[in-house]
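Start at 1 and go down the list; that is how both ligands and their atoms are numbered. In what follows, residues are counted from 1 in the order of the sequence shown.
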Amino acid sequence: MKTYGTSNIRNIALIGAKGVGKTSFVEAALFSSGATGRMGRVVEGNSVIDYDPIEVERHQTIISKITPIEWKQFKINLLDTPGYSDFIGEAVGAMSVCDVSLFVVDASSGVEIPAIRLYNYMKETGRGRAFLINKADGEHADVAAAVASIRENLESSAPEFQIAIGGKAQFKGVVDLLGMKAYINEGGSLKEADIPADMVEEAKSKRTVLIEAVAENDESLLEKYLESGELSDEEIIRGCAKGIASGNLNPIFIASGYNNIGVDALLNAVIKYFPSPADMPAIRVLDKDGKSETDVTADPKGPLVAHVFKTTSDPGIGDIFFFRVYSGSINAGDDVFNVNQSSGERLGHLITMRGKERIELSSVSAGDIAAVAKLKNTHINDTFTSKAHPLTARQVVFPTPVVPLAVVPKSKKDQDKLGIGLSKLTEIDPTFTYHVDKEFSETIVTGMGEVQIDVMIKRLQERYGVDVEIQKPHIPYREKITKKSEKQGKHKKQSGGHGQYGDCWLKLEPLPPGGGFEFVDAIVGGSIPGKYIPAIEKGVRESMQKGVLAGYPVVDLKVTVFDGSYHDVDSSDMSFQIAGSLAFKLAMQDSAPQLLEPVVDLEVYAPQENMGDLSSDISQRRGRVSGMDNGIIKAKVPMAELYQYSASLKSITSGAGTYSMSFSHYDVVPSHIAQKVIDEAKREKEEKK
Ligand SMILES: Nc1nc2c(ncn2[C@@H]2O[C@H](COP(=O)(O)OP(=O)(O)O)[C@@H](O)[C@H]2O)c(=O)[nH]1
Ligand SMILES: [Mg+2]
């Protein structure tokens with residue numbers, strides 16, 4: 001593929017709920033541009049874009065992909081993303097590096113509440129935002145209602161850029177309100193025509209709204225418009241690029257990707273009115289010293305700043321690294337400096353992708369997005385720059401994974417390869433992590449939801465030959481005491497020669513939540529020599545790791561050693577450590593211990609009609625709803641009750657709901673449930689014997 005200059009590049013991410021037709025739109029764009037001879041179909045499993053075997057099997061996008069569309073001397077990089085909430089990390093990565101995100105909604109359903117979370121991420125990126133009302137041919141399509149729902153839920157003054165000609169099965173094209181022309185797709189080809197007579201009035205009045213919105217982005221344009229009531233073509237183009245780049249102008253488009261109607265019109269608008277990388281605001285990067293910041297713009301002659309926002313692993317050539325050039329240019333074969341790893345990399349072959357097909361590039365200009373394979377030491381969020389003038393791009397902040405699951409290797413062989421396989425997978429997906437939990441010696445993977453984790457487990461098996469089983473992870477319960485108690489611990493042994501003697505009195509007191517651990521030495525008069533006090537503390541600290549109720553760590557505790565006795569010959573650190581431990585266990589038993597459980601903040605995004613069912617489901621999980629507003633439920637729920645929550649959310653909302661959660665605090669486990677946990681801990685202990 002030839003090299004495109006900065007002003008002839010457009011970077012657009014397609015964002016939106018699953019099933020609104022994002023991938024089908026990219027297929028249509030590929031076909032329209034002549035890159036494919038036949039339109040791929042997601043439903044038929046022959047999509048060019050959704051080519052991954054898991055995607056073919058599930059009929060849905062799982063990883064984001066870049067597809068360059070060559071359109072009239074321009075290169076439009078379309079980044080298709082998954083809409084399913086488990087894969088939100090892919091969408092966030094793509095929207096963060098594109099100049100404009102196109103938020104796609106289904107003309108039949110309007111904005112789906114769960115997708116608002118995606119839109120909020122779009123806003124946070126500070127890049128341009130536009131809308132596409134897709135599936136305008138749908139049986140229940142209602143473009144006017146979809147426009148209203150965009151304005152009600154997302155952007156109150158988003159202007160219509162187009163109006164639909166015909167609707168539902170009769171949808172055949174769009175009116176371009178800036179050019180005041182109709183574009184009709186018939187028999188697979190696009191025809192420019194006059195606006196149908198019965199639509200002229202509507203077109204005129206909507207055009208006025210649009211021109212006003214365009215003019216508002218530039219003072220001189222606004223002045224001109226207020227004076228003359230019109231703007232020239234060039235002024236409109238300037239106003240659009242500026243308005244969209246700043247995020248203030250959010251135009252609405254209409255199409256039916258599947259039927260290839262409105263696709264050409266949108267691509268034409270993108271090259272004409274959307275900002276090129278050079279129109280985008282400068283981006284802040286870290287300067288050489290790693291502290292001060294400086295701005296770079298999409299200048300092909302500027303210092304090199306290329307940010308790696310995504311990696312994939314290809315069975316054929318290994319890891320592929322996708323990067324966006326923010327400043328400077330790269331030629332194939334260039335040596336660059338990976339500033340985050342402080343190491344050089346040779347970018348031997350520059351490529352872009354079309355589905356699974358790799359296309360060679362000889363060079364990549366500022367503003368473009370490309371990929372490279374066969375690197376030594378590069379990771380997601382690294383920056384390629386020059387050693388002489390190293391600059392670091394800001395990292396993409398990916399959502400934090402929330403769903404923990406335990407993975408158990410099926411055999412010794414799987415155990416040995418588990419760590420390597422998992423660390424490879426965490427490389428390609430920053431919303432998937434793993435760690436070994438020391439408390440329970442189990443490997444925990446954490447992801448955005450069970451579907452994503454399922455996909456990862458499948459990849460682990462297919463790519464790295466590691467077989468594992470998924471299990472409910474142990475819940476990190478804690479124990480605490482609720483009242484004061486004083487007990488003596490005495491360790492005495494006389495077995496010939498040297499004996500053992502340690503004796504101490506401990507007072508246990510509860511501390512407020514989050515109080516941690518305090519140890520106080522209140523010995524007066526030398527009943528225990530000072531040198532043995534650390535040994536007593538050590539004995540207490542060790543015993544605290546396994547509380548007397550169910551063997552969980554004890555928290556929020558103050559321990560005072562206030563009396564005891566010793567023996568000149570037989571006392572030792574070891575004897576006092578044992579005495580401390582004995583006294584602690586006796587006192588804890590007498591201090592009305594309670595079990596604590598982790599509670600999380602849960603935020604659920606779901607369609608309005610599911611709110612009732614969702615909140616009663618939360619109550620059944622012992623959760624407390626603290627707020628319910630416009631499709632968002634906030635609640636505090638015990639972690640132990642959220643195992644497989646995503647499956648249940650999916651079934652209640654028919655797949656439309658999404659959620660996030662984060663640790664909130666520890667709370668007392670109700671006694672009937674505590675008893676079950678204690679019995680279970682006893683049973684596990686017995687089994688281990
Ligand atoms: N009627 C109609 N169906 C469409 C259109 N675009 C996509 N679809 C169908 O909607 C489903 C989801 O499409 P897909 O492109 O995978 O959606 P994505 O999840 O947003 O990528 C598929 O069954 C498509 O055939 C469209 O414009 N009109
Ligand atoms: Mg898709």
So that I can tick it off, tell me whether Asp99 and Arg10 are bridged by a salt bridge, with the cut-off set at under 4.0 angstrom between side-chain N and carboxylate O. no
Part of Val42 within contact of ligand 1 (heavy atoms, under 4.0 Å): side chain
How close does the nearest protein non-hydrogen atom get to atom 17 (O) of ligand 1, and which residue and atom is it? Gly21 N, 3.0 Å
So, for Tyr119 and Phe131, is the gap between ring centers shorter than 6.0 Å? yes
Just to confirm my output: which protein heavy-atom neighbour is closest to atom 22 (C) of ligand 1, and how far is it? Val43 CG1, 4.1 Å
Is any side-chain N of the basic residue among Lys206 and Glu160 closer than 4.0 Å to the acidic one's carboxylate O? yes
For the residue pair Thr311 and Asp319, confirm or rule out a side-chain donor-acceptor distance under 3.5 Å. no
Would you confirm whether the ring centroid of Tyr659 sits within less than 6.0 angstrom of the ring centroid of Tyr605? no
Taking atom 5 (C) of ligand 1 as the reference point, the nearest protein heavy atom with its distance: Tyr258 CB, 3.2 Å
Closest approach of any protein heavy atom to atom 19 (O) of ligand 1, naming residue and atom: Gly19 N, 2.7 Å
Measure Leu14 to ligand 1 on non-hydrogen atoms and call it side chain, backbone, both or neither using the 4.0 Å cut-off. neither
For atom 1 (N) of ligand 1, what's the nearest protein heavy atom and its distance? Asp137 OD2, 2.9 Å
Residue pairs meeting salt bridge (Lys or Arg N to Asp or Glu O under 4.0 Å), one or both in residues 128-142, sequence neighbours left out, come to Asp106-Lys135, Arg129-Glu155
Can you report which non-hydrogen protein atom sits closest to atom 24 (C) of ligand 1, along with the distance? Ser24 OG, 3.9 Å
Quick test of your reading of the model: are Lys310 and Glu90 salt-bridged, counting only N-O distances below 4.0 Å? yes
Checking Val175 against Met199 for the side-chain contact (heavy atoms from CB on, under 4.5 Å) test, could you report, in this order, the C-alpha distance in whole Å, the side-chain angles of both residues, the deciding distance, and whether it holds? CA-CA 9 Å; Val175 171; Met199 294 180 74; 4.0 Å; yes
I'd like to check whether Asn259 has a polar contact with ligand 1, where a contact means an N/O of the residue lying under 3.5 Å from an N/O of the ligand. no
Around the Mg ion (ligand 2), how many protein N, O or S atoms are there at under 2.8 Å? 2
Numbered atoms and elements of ligand 1 in range of Gly257, under 4.0 angstrom, heavy atoms: 27 (O)
For ligand 1, is there an N or O atom under 3.5 Å from any N or O atom of Ser256? yes
One thing to verify: whether Arg38 and Glu27 come together as a salt bridge, which I'm taking to mean a side-chain N less than 4.0 angstrom from a carboxylate O. no
Is the closest basic N to carboxylate O distance between Glu55 and Lys65 below 4.0 Å? yes
Quickly, which of Ile457, Thr433, Leu460 forms a side-chain contact (heavy atoms from CB on, under 4.5 Å) with Leu425? Name it, please. Leu460
Atom 4 (C) of ligand 1 - nearest protein heavy atom and its distance: Lys135 CE, 3.5 Å
